[in-house]
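When reading the values below, keep in mind they use all heavy atoms of this one structure, side chains included, and skip hydrogens, waters and symmetry mates. Not measured: the values here are computed from a predicted model.
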Amino acid sequence: MKIKKEVLQAINTPQTRRLLMDALEVTEFTIARYIQKNSDNLTKAAAMQVIRGVTGLLNAEILEE
């Protein structure tokens with residue numbers, strides 16, 4: 001599963017990257033790479049919880065079909 005492009009742009013902020021770093025226990029460089037490559041790691045439960053909290057979107061609105 002992949003994250004929609006507009007959601008990737010919305011989460012590519014320093015504050016959100018920090019939250020994702022903490023949730024996934026990886027470095028900022030790794031988060032930046034995940035966002036750039038639209039990595040499946042962004043669809044892990046912990047990352048999805050952060051993305052839902054930041055964007056206010058539901059899973060169906062975050063993920064591509």
So which heavy atom on [X] is nearest to which on [Y], and how close?
X	Y	result
Lys2	Asn38	NZ-O, 3.0 Å
Val7	Ile51	CG1-CG2, 3.9 Å
Arg52	Leu57	CG-O, 3.4 Å

Can you tell me if [X] uses its side chain to pair, donor with acceptor, with the backbone of [Y] under 3.5 Å?
X	Y	answer
Thr30	Val26	no
Gln49	Ala46	no
Thr16	Thr13	no

Note to self: Is it the case that atom CD in Glu64 sees more than 12 heavy atoms from other parts of the structure closer than 6.0 Å?
What the structure shows: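 Count over threshold, so yes.
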When rounded to the nearest 0.5 angstrom, what is the spacing between [atom1] in [X] and [atom2] in [Y]?
X	Y	atom1	atom2	result
Arg33	Asn41	CZ	CG	8.5 Å
Asp22	Arg17	CG	CZ	13.0 Å
Ile11	Ile35	CD1	CD1	4.5 Å

Would a 4.5 Å heavy-atom cut-off, applied to side chains only, mark [X] and [Y] as touching?
X	Y	result
Tyr34	Leu24	yes
Met48	Asn59	yes
Thr55	Glu61	no
Leu42	Leu8	yes

Next item on the list: List in chain and number order the residues that pass side chain to side chain donor-acceptor pair (under 3.5 Å) with Arg18, two or more places apart in sequence or in another chain; answer none if no residue qualifies.
Entry: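 Expected list: none.
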Next item on the list: Return the set of residues passing salt bridge (charged side-chain N to carboxylate O under 4.0 Å, His left out) with Glu6 (not counting sequence neighbours), or none when no residue passes.
Entry: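 Scan of Glu6 (salt bridge (charged side-chain N to carboxylate O under 4.0 Å, His left out), adjacent residues dropped) gives none.
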